[in-house]
Amino acid sequence: MTTDLDDVVGSIAAELATWAERGEVATYIPQLAHVDPARFGLAVITAAGTTHLAGDADVAFSIQSVSKVFTLTLALGKVGDALWRRVGREPSGNPFNSIVQLEAEKGIPRNPFINAGAIVVTDTLLAGHAPKEAIGEILRFVRHLADDDEIFIDDAVARSETATGHRNVALANYMRAFGNLDHDPALTLGVYFHQCAIAMSCRQLAAAGRYLALDGRHPTAGGRVVSSERARRINALMLTCGHYDGSGDFAFRVGVPAKSGVGGGILAVAPGKASIAVWSPGLNRVGNSLLGSIALEKLVKATGWSIFGP
Ligand code: GLN
């Protein structure tokens, strides 16, 4: 199996290296516009712990919205199911940064993976903390999950988004007006922009996501990150909401829980089988990695890892 997976991962990377149509790199965060669209990394870590890498699997990139999986996990640990009074669990069918549903739904975002929902989740992590401490807690948690203290926050990306994230400022203020933000929007957004600026390689990201493939257990430290029920529910949200208004198509084509980010990264989970991270900076029309999605489609087809059957 080890050799087979190395072949599968290697041949997907080799095939995609030749693809001309690579999507568009995000430019609305100026610092992300500098990333080379030819980059491609893929990392698979199986439930048994074997690691299979290809391409730029050890190059750090901006994980952006993939961070929302980790902050959701932390927030559920902190406030439990009370979180669901402030954020829903339904796919939005709208772009990640959309404001349209918020008015009709009185400031309660559809789910924790669109920007509005993730900002509320981050707001809960700020309770009782200064923003710096909350940022430190998030970074420490991600390092603990991946068992890797080299993971860092790219301050240039955080500054770049702070300077240009006007839509997120609007979302945060709008939710504050509905009473669904407990802190000054500038403070909550400060934490949110830093969590999005966490830089990780595919290898590190796949390592950090392993608890979701292992029923909530930490793969190396022993013990649990979350209960098996919570792992199952986070995976359900990743499947239904992890790709914004591309979530249905992703489930149709790939069929595993996954969370994308505008940096071009995707963390995918094949429960009981593997944790997978892919990175290709060019995005499709709904803001998900174009080649990343194709790579996962090919990987799942070759391995039979779709949760809906081989
Ligand atoms: N930091 C980005 C934003 O808030 C994250 C969006 C994403 O990755 N889809 O706009």
Side-chain angles (χ1 to χ4, degrees), residues 23-35 60-72 87 91-100 102 109-123 125 131 135 138-139 142 153-175 181 185-200 205 209 237-238 240-247 249-250 258-268 277-290 292-293:
E24 299 290 325
V25 172
T27 53
Y28 77 101
I29 300 173
Q31 199 65 21
L32 294 182
H34 305 314
V35 181
F61 62 91
S62 192
I63 68 165
Q64 291 295 318
S65 285
V66 183
S67 65
K68 295 171 183 173
V69 174
F70 306 126
T71 49
L72 173 65
V87 60
S92 69
N94 277 306
F96 64 89
N97 54 8
S98 173
I99 201 167
V100 294
L102 272 182
R110 272 287 170 102
N111 68 66
F113 292 151
I114 52 173
N115 285 10
I119 292 167
V120 168
V121 168
T122 299
D123 191 60
L125 298 179
I135 295 166
I138 296 167
L139 182 61
V142 173
I153 291 175
D154 186 333
D155 284 319
V157 172
R159 274 197 305 276
S160 184
E161 190 167 0
T162 306
T164 58
H166 309 300
R167 264 180 173 270
N168 288 322
V169 173
L171 291 171
N173 277 291
Y174 205 51
M175 292 190 291
L181 216 64
L187 301 183
T188 303
L189 287 171
V191 180
Y192 172 77
F193 291 146
H194 281 81
Q195 85 185 44
C196 289
I198 293 174
M200 293 169 84
L205 191 55
L237 288 165
M238 288 170 76
T240 52
C241 311
H243 279 69
Y244 316 111
D245 44 342
S247 299
D249 191 57
F250 188 87
K259 181 74 204 82
S260 76
V262 288
I266 303 175
L267 169 64
V278 62
W279 172 48
S280 172
L283 308 178
N284 64 17
R285 140 195 94 68
V286 285
N288 302 312
S289 175
L290 179 71
S293 313

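One-based numbering, in listed order, for ligands and for the atoms of each. All residue numbers in this chain count up from 1 along the given sequence. All figures in this text were calculated on a predicted structure; none of them were measured in a lab.
- Using a 4.0 Å cut-off between heavy atoms, Arg167 makes no contact with ligand 1 at all.
- Checking only distances, Tyr192 does come within under 3.5 Å of ligand 1, N or O to N or O.
- Counting the atoms of ligand 1 from 1 in the order shown, those under 4.0 Å from a heavy atom of Asn168 are 3 (C), 4 (O), 10 (O).
- Not a single N or O atom of Gly263, backbone or side chain, sits closer than 3.5 Å to an N or O atom of ligand 1.
- Using a 4.0 Å cut-off between heavy atoms, Tyr244 contacts ligand 1 through its side chain alone, with no backbone atom that close.
- By the 4.0 Å heavy-atom criterion, Tyr28 is counted among the residues contacting ligand 1.
- Nearest protein heavy-atom contact of atom 3 (C) of ligand 1 is Glu161 OE2, 3.0 Å.
- Under 4.0 Å from ligand 1, the heavy atoms of Asn115 that appear belong solely to its side chain.
- Residue Gly261 approaches ligand 1 through these ligand atoms, each under 4.0 Å from one of its heavy atoms: 8 (O).
- Short contacts between ligand 1 and Cys196, defined as distances under 4.0 Å to a heavy atom of the residue, involve ligand atoms 1 (N).
- Aromatic ring pairs are classed by plane angle as parallel below 30°, tilted from 30° to 60° and perpendicular above 60°; the pair Phe96 and Tyr28 is tilted.
- Ligand 1 places these atoms under 4.0 Å from at least one heavy atom of Gln64: 1 (N), 2 (C), 5 (C), 8 (O).
- Nearest protein neighbour of atom 8 (O) of ligand 1, counting heavy atoms only, is Ser65 OG, 2.6 Å.
- Contact annotation: for Val66 versus ligand 1, there are no heavy atoms closer than 4.0 Å.
- Backbone and side-chain nitrogen or oxygen atoms of Ser260 are examined, and none is located within less than 3.5 angstrom of a nitrogen or oxygen of ligand 1.
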